[in-house]
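Working notes for the structure below.
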Amino acid sequence: MDVTKEKILEILSGYDKKKLKIATICSHTALQIFHGARLEGIKTIGICTPNRQKVYEAFPLGKPDDFLIVQDLRDIPEKELQDENAILIPHGSLVEYTGDKLGELKVPMLGNRESLKWEKDRMKMFKWLQAAGLQVPAVIDPDKIDRPCIVKLAGAKGGRGYKVVSTPEQFYEHFEGMNVIVQEYLIGVRAYPHYFYSPLSQDGFRALEGRVELIGIDRRFESNIDEAYRTEHAGLSFSPSFTVVGNELLVMRESLIEDLLEMGKSVVEAADRLFGGIPGPFCLETVVDENLQFYVFEVSARIVAGTNLYPLGSPYTVYQYSEPMSMGRRIAREIKIAAKQGKLSKLVF
Ligand code: AMP
């Protein structure tokens with residue numbers, strides 16, 4: 001059964017707030033999270049399989065202070081983490097590995113774990129984005145496909161197995177009987193802005209009781225679509241695929257920053273109305289069309305891998321912080337401030 005917020009706050013009340021640690025699974029954005037915590041003077045715990053430890057040992061400034069070795073990453077050692085006053089940072093791999101068990105974890109976790117349910121169910125996610133007043137791609141019934149559409153497998157992460165189809169026949173040829181969602185294919189430039197919602201800060205770009213910060217923007221490299229021109233120049237025909245392979249930094253026209261901030265604010269405020277808010281990091285996946293209109297096709301209420309691009313700060317944090325500020329460090333900073341002010345209950349569930 002899912003753990004309640006009351007239970008998490010009870011566990012937290014037993015913590016020694018002067019000895020808080022930050023914990024996560026050694027994967028995804030762990031180097032950045034540990035590195036950022038180190039810069040803020042917070043000790044870290046890396047939940048790790050035996051074969052992975054050497055990978056993290058290779059990065060002395062990014063490795064955790066302590067390893068908690070497990071045979072299976074689906075088994076988060078709750079008791080050990082509680083005993084260490086640990087706050088868990090959910091990232092893509094942690095969400096993926098723990099799956100449905102995430103809601104049951106009896107360890108204080110950064111953010112609102114209700115949000116992870118809303119981002120996981122694509123229909124709910126669209127409801128959230130629409131409640132924020134954002135433009136989203138049309139979701140199309142397979143029998144009514146009348147334009148290029150992208151077909152996404154349920155639960156698929158990182159774009160694997162997605163395909164573009166233009167007719168119901170093409171759809172049924174590949175996806176008959178499968179659990180998928182069909183979305184209108186958006187044409188334009190992809191941009192993935194990363195945000196941090198701080199309920200503790202009363203300045204900057206205000207949202208609810210706090211502020212929303214634009215931390216960075218990335219664009220992804222997906223195989224094979226992002227090198228399609230080479231394939232075409234080589235005279236080969238190919239079927240586009242969307243498997244995420246890496247990320248690159250993106251800086252957008254300065255005149256779009258207002259839209260970016262307003263979108264972040266709307267997402268925070270809609271989350272508050274629908275399920276009690278999203279303290280901490282989140283990201284939107286967007287396409288900007290030729291009229292500079294943003295279309296949002298996904299939201300992640302946690303740190304995303306694109307933030308790994310700027311462990312020493314981004315072209316956006318440089319104007320907000322006088323020291324190098326990564327998303328990992330921003331997380332640690334907020335936890336540190338909340339602990340000092342006795343406001344951790346605003347940050348964790
Ligand atoms: P997702 O699993 O939603 O993050 O999608 C993986 C990748 O598929 C994205 O990074 C985009 O490149 C592409 N994609 C997803 N949805 C759309 C869409 N509606 N239109 C165009 N490309 C999309």
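Start at 1 and go down the list; that is how both ligands and their atoms are numbered.
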Could an N or O of ligand 1 be found under 3.5 Å from any N or O of G159, whether backbone or side chain?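 So ligand 1 has no N or O lying under 3.5 Å from an N or O of G159.
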Looking at non-hydrogen atoms alone, which of E222, E285, R160 comes nearest to atom 10 (O) of ligand 1?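 Minimum heavy-atom distance to atom 10 (O) of ligand 1 goes to E222.
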Answer yes or no for Y192: is there a heavy-atom contact with ligand 1 below 4.0 Å?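 Yes; Y192 lies near enough to ligand 1 that a heavy-atom distance drops under 4.0 Å.
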Is the shortest distance from a heavy atom of V287 to ligand 1 less than 4.0 Å?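 No heavy atom of V287 comes that close to ligand 1.
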Under 4.0 Å from any heavy atom of [X], which atoms of ligand 1 are there?
X    : answer
Y162 : 1 (P), 2 (O), 5 (O), 6 (C), 8 (O)
E298 : 1 (P), 2 (O), 3 (O), 4 (O)
I150 : 8 (O), 13 (C), 14 (N), 15 (C), 16 (N), 17 (C), 18 (C), 19 (N), 23 (C)
E184 : 18 (C), 19 (N), 20 (N)

Please state which part of [X] comes within less than 4.0 Å of ligand 1, counting heavy atoms only: side chain, backbone, both or neither.
X    : result
L186 : both
R190 : side chain
Y295 : neither
Y185 : both
F221 : neither

Using the rule side chain to side chain donor-acceptor pair (under 3.5 Å), only one of E213, E209, E334, R211 pairs with S198; which is it?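 It is E334, the one option of E213, E209, E334, R211 that forms the side chain to side chain donor-acceptor pair (under 3.5 Å) with S198.
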For the pair D2 and K117, find out whether any cationic side-chain nitrogen is under 4.0 Å from an anionic carboxylate oxygen.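 A salt bridge is present here (some side-chain N lies under 4.0 Å from a carboxylate O).
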Taking the basic N atoms (NZ, or NE/NH1/NH2) and the acidic carboxylate oxygens, is any pair closer than 4.0 Å for E84 and K43?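 Looking at E84 and K43, the cut-off is not met.
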Would you tell me whether [X] and [Y] have side-chain atoms, one donor and one acceptor, within less than 3.5 Å of each other?
X    : Y    : value
Y197 : D272 : no
T29  : N308 : no
K106 : Q82  : no

How would you list all residue pairs meeting side chain to side chain donor-acceptor pair (under 3.5 Å) that involve residues 282-296, not counting sequence neighbours?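 Residue pairs with at least one partner in residues 282-296: Q135-Q293, R220-E285.
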Kindly indicate, with the supporting measurements, whether the criterion side-chain contact (heavy atoms from CB on, under 4.5 Å) is fulfilled by F171 and V151. CA-CA 8 Å; F171 173 85; V151 185; 3.8 Å; yes
Once you measure the plane-to-plane angle for F242 and Y185, does it fall in the parallel (<30°), tilted (30-60°) or perpendicular (>60°) bin?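 If you compare the ring of F242 with that of Y185, the planes turn out tilted.
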